[in-house]
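Notes to accompany the following structure.
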Amino acid sequence: MSPDATDEDVAHVVERVESVGGEAFVSKGVVRTIIGLVGDLESFHGLNLRTLRGVADVHRISDPYKLVSRQHHAERSTVWVGKGGAGNKRVPIGPDTFTFMAGPCAVESPEQTLEAARMAQSAGATILRGGAYKPRTSPYAFQGLGVRGLEILADVGAATGMPVVTEVVDARDVPVVAEHADMLQIGTRNMANFGLLQAAGDSGMPVLLKRGMTATIEEWLMAAEYIAQRGNLDVVLCERGIRTFEPSTRNTLDISAVPVVQATSHLPVIVDPSHAAGRKDLVVPLSRAAIAVGADGIIVDVHPDPETALCDGPQALLGNDLRELAQACRRLPPVVGRVASHERVGHE
Ligand code: PEP
Ligand code: MN
């Protein structure tokens, strides 16, 4: 309460709080009175507490998200990706494993996708990525192959036995993407597209939710809450760099987001060093950092011929860089108490 709030002002706040079933604990100091509220947050919202006379400020103590919070679910979750059965394995993403996901930024052709998938798989990746709908900054840039891209991705997933993750940019495309993929990706530009989040939630498919490039961690978790609220808790968060004043990397990888998220949410969290850096020379060091900080996995761009890539060639790995990444993904997770996910594939 402000220093000049009267006893009546305090009594009025208490009365309003009690009128919606809450409890108010008044603590009177020499200069100020503080009122602590206990009860249902939603019912307090309707009170417009900031508008009551004598109220100086209102601070929320509890998390604004519920379903994705560790207050709701203390144990960290594991999300399984893949339909299972003969041609398609089930891959865990969670606290005991380290899951390496890789593939081309965009699906360009059956040959390019298969070659990239084989490169990813021989480096130890267990989930294949690849975009069929590309959310490009420019409307003149390659927009992806659409449904044809989904078909190619599904074929390559079946040929390699790798579950596939691909981006969906429009709520209307959720059914067709869900039909072809094992996990729906929601990209940085759509993190706050609430209709899309709800449609992805309704699909019942695992969702890879990237952090908005200008989103706070709380906003990102609220976006995940939109999916969870539709009864879908199979959400994996992906830190992919945020916009800062630093121009030497495309984005600034917020590595501290990983342990911050893990302390407050039970959802798995992975890192995308490729889209964070935008430069292939930083992908291996940032991947090592992701493993060391305790990320539940990484997602990395690879391409058989980055020079001709239709999207994000400068960040795609191949050759020695990919071998170096493969070695890091094999050696480092056990150092931080995790098994590589390919050792647990299908062992649900
Ligand atoms: C991508 O993964 O292909 C992509 C477009 O990523 P982001 O949404 O993080 O930019
Ligand atoms: Mn990309």
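Both counts, for ligands and for their atoms, begin at 1 and track the order of listing.
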Side chains of Asp296 and Gln262 in contact at under 4.5 Å (non-hydrogen atoms): yes

Subset of ligand 1 atoms that lie under 4.0 Å from at least one heavy atom of Gly187: 8 (O)

Residues Asp312, Lys134: salt bridge by 4.0 Å N-O rule: no

Nearest non-hydrogen protein atom, atom 5 (C) of ligand 1: Glu167 OE1, 3.7 Å

Proximity of Met213 to ligand 1 by residue part, where a heavy atom lies under 4.0 Å: neither

For the student: nearest non-hydrogen atoms of Pro273 and Ser287, plus distance: CG-OG, 3.4 Å

Main-chain N/O of Gly94 paired to Arg338 side chain as donor or acceptor, under 3.5 Å: yes

Top protein contact for atom 4 (C) of ligand 1, by heavy-atom distance: His275 NE2, 3.4 Å

Any N, O or S atom of Asp312 closer than 2.8 Å to the Mn ion (ligand 2): yes

Check: Thr126 and Gln121 side chains under 4.5 Å, non-hydrogen atoms: no

Contact flag Cys311/the Mn ion (ligand 2), N/O/S atoms, threshold under 2.8 Å: no

Any side-chain donor near an acceptor of the partner, Tyr65 and Ser265, under 3.5 Å: no

Among Lys210, Arg211, Glu239, closest by any non-hydrogen atom to atom 6 (O) of ligand 1: Lys210

Point-to-point distance, once rounded to the nearest 0.5 Å, from CE of Met1 to OG of Ser27: 12.0 Å

Heavy-atom nearest neighbour in the protein, as seen from atom 8 (O) of ligand 1, with distance rounded to 0.1 Å: Thr188 N, 2.8 Å

Subset of ligand 1 atoms that lie under 4.0 Å from at least one heavy atom of Arg240: 7 (P), 9 (O), 10 (O)

